[in-house]
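Take a look at the structure set out below.
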Amino acid sequence: MLRAGGLVALPTETVYGLGANAEDPAAVARIFQVKGRPPSHPLIVHLGDAEQLDDWVQDVPAAARLLAERFWPGPLTLVLRRGSRVPLEATGGLETVAVRVPDHPVALALLSSFGSGVTAPSANRFGSVSPTTADHVRAELGDAVDFVLDGGPCEVGVESTIVDATGDAPSILRPGGVTREDLEAVLGCSLVVPSTSRVRVPGQHPSHYAPRARVVLVEPEKVVSEAELAQELGHQVGVFLPSAFADAPVKVQAVVTVPASMAAYARGLYGFLRDLDQHGCDLIIASLPVEDGLGLAIANRLRRAAGPRPTV
Ligand code: AMP
Ligand code: MG
């Protein structure tokens with residue numbers, strides 16, 4: 001299917017991807033069409049092993065080499081200078097390319113049998129919640145995708161951490177499945193994380209990862225009272241109940257009790273948002289976790305799920 005220019009949804013440890021042959025500009029263009037994604041938003045090239053990295057980029061700075069050795073296969077994406085075989089369609093016209101080796105047996109089997117790069121964004125419509133099961137992909141993209149490889153639910157549940165490794169001092173472009181602390185421990189220096197309020201790189205718009213329901217973030221101790229008030233005012237409210245309040249009865253449409261473990265929270269996050277949409281909620285009240293470890297990526301996604309929506 002990939003060799004014929006088709007689109008294949010594939011499981012990874014982060015979220016499901018919508019894959020195409022990275023060297024086939026027409027197939028890559030179809031990804032943007034199916035997702036409704038602006039062509040300026042670059043994609044990630046997925047490789048079967050780290051040895052292929054040099055074939056896809058111009059040069060690999062020492063820090064990038066170190067990170068690839070330590071974290072691949074895994075939820076880390078490296079942005080490097082684009083090699084000549086990467087079509088500009090896949091990079092949104094940029095002279096850099098994002099590359100990673102996913103840590104999922106099905107993805108790795110596909111990549112190694114295909115033998116080349118598969119470029120894949122998350123397998124959802126532009127701006128909406130990323131899919132973490134094959135059913136999410138089928139429900140959202142249906143016949144627009146030629147084949148859906150079902151590899152079970154995604155283990156990590158949030159997207160990869162994106163690191164700009166083009167220069168000597170790497171920086172985090174998007175927090176994700178590899179924590180800032182783990183990156184810093186390997187690099188031996190501290191890394192800055194971008195604020196979510198400004199668009200730093202293409203594809204990092206304030207509203208993204210958003211369910212149909214409007215998401216409102218409040219302090220943890222206000223979640224229950226704000227949610228019940230909104231329900232009384234006529235909203236169909238879904239609640240992300242902090243684990244500390246797990247036993248509180250909440251008079252709203254639907255309640256998700258947030259797992260105390262950040263790994264479990266990340267794994268469940270997008271499914272929770274989809275479930276609350278399914279329950280007919282028009283408003284979701286949530287609070288932010290402590291922003292360390294995986295909490296940083298979770299908070300980033302919640303902020304952007306709550307971000308200003310484009311006016312249609
Ligand atoms: P996704 O949004 O899940 O499709 O993952 C792709 C993301 O990778 C994009 O939204 C960008 O934020 C990021 N990305 C890909 N290529 C580049 C690049 N060359 N420079 C900066 N960010 C990139
Ligand atoms: Mg995406």
Side-chain angles (χ1 to χ4, degrees), residues 7 9-20 22 28-47 53 56-60 64 75-83 85-100 102 107 117-132 136-137 140-141 145 154 156-167 170-178 193-196 198-211 266 269-270 273-274 297 300-301 304-305 307:
L7 298 187
L10 68 151
T12 79
E13 80 282 33
T14 59
V15 303
Y16 273 72
L18 182 60
V28 174
R30 255 189 82 207
I31 292 179
F32 289 89
Q33 196 196 330
V34 164
K35 280 192 61 117
R37 177 171 170 127
S40 59
H41 289 229
L43 309 177
I44 296 171
V45 176
H46 293 73
L47 302 177
L53 177 61
W56 294 85
V57 303
Q58 269 179 38
D59 58 316
V60 183
L76 175 71
T77 296
L78 297 174
V79 171
L80 293 162
R81 295 197 313 140
R82 180 179 70 92
R85 72 195 281 185
V86 184
L88 285 168
E89 281 80 359
T91 71
L94 296 173
E95 286 305 326
T96 51
V97 60
V99 188
R100 89 173 183 103
V118 170
T119 190
S122 51
N124 55 280
R125 306 257 177 219
F126 179 63
S128 87
V129 177
S130 302
T132 50
H136 293 164
V137 179
E140 192 159 336
L141 298 181
V145 38
C154 300
V156 175
V158 292
E159 293 80 357
S160 58
T161 303
I162 302 180
V163 169
D164 180 347
T166 49
S171 63
I172 295 178
L173 299 177
R174 171 178 78 183
V178 169
V193 177
S195 96
T196 40
R198 282 208 301 132
V199 177
R200 295 274 181 107
V201 293
Q204 298 288 309
H205 287 251
S207 174
H208 211 106
Y209 314 108
L269 176 66
Y270 291 135
L273 292 171
R274 280 174 190 269
N300 170 275
R301 304 306 188 271
R304 290 170 60 198

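For ligands, and for the atoms within them, numbers begin at 1 and follow the listed sequence. This structure is a prediction, so every number in the text was calculated from the model and none was measured.
A heavy-atom separation below 4.0 Å is found between Arg37 and ligand 1.
Formation of a donor-acceptor pair under 3.5 Å by the Arg81 side chain with backbone atoms of Asp59 is not found in this model. Under a 3.5 Å cut-off, the side chain of Thr132 and the backbone N or O of Gly157 do not form any donor-acceptor pair. Between the side chain of Glu159 and the backbone N or O of Val15, no donor-acceptor pair lies under 3.5 Å. In this structure, Lys35 contributes its side chain and Asn124 its backbone to a donor-acceptor pair below 3.5 Å.
Across all their heavy atoms, Pro211 and Ala305 have their closest contact at CD-CB, 4.1 Å. For Ala64 against Leu80, the heavy-atom pair with the smallest separation is CB-CD2, 3.8 Å. In this structure, His46 and Ala120 approach most closely via the heavy-atom pair CE1-O, 3.3 Å. The heavy-atom pair separating Ser160 from Thr14 by the smallest distance is N-CG2, 3.8 Å.
Set against the non-hydrogen atoms of Leu94, the atoms of ligand 1 under 4.0 Å away are 18 (C), 19 (N), 20 (N). Atom numbering of ligand 1 starts at 1 in the shown order; those under 4.0 Å from a heavy atom of Pro121 are 4 (O). Near Leu43, with a cut-off below 4.0 Å to any heavy atom, the atoms of ligand 1 are 15 (C), 16 (N).
Screening Val145, Leu18, Leu7 against Arg30 for a side chain to side chain contact (heavy atoms under 4.5 Å, CB included) leaves a single residue, Leu7.
Ring geometry for Tyr270 against Tyr209 counts as parallel: the plane angle stays under 30°, on a 0 to 90° scale with 60° as the upper cut.
Counting heavy atoms closer than 4.0 Å to ligand 1, residue His41 contributes nothing at all. Proximity of Ile162 to ligand 1, defined as any heavy-atom pair under 4.0 Å, is confined to the side chain (atoms from C-beta onward). Contacts of Thr91 with ligand 1, taken as heavy-atom pairs under 4.0 Å, are absent altogether. Residue Thr96 touches ligand 1 through backbone and side chain together, judged by heavy-atom distances below 4.0 Å.
Proximity annotation for atom 20 (N) of ligand 1: of Val97, Val86, Val79, Asp164, Val79 comes nearest, heavy atoms only. Summarising the contacts of atom 15 (C) of ligand 1 with Ala120, Ala98, Ala90, the nearest heavy atom is found in Ala98.
Between Glu13 and Arg100, at least one side-chain nitrogen of the basic residue sits less than 4.0 Å from a carboxylate oxygen of the acidic one, meeting the salt-bridge criterion.
Here the protein contributes Ser122 OG as N, O or S atoms under 2.8 Å from the Mg ion (ligand 2).
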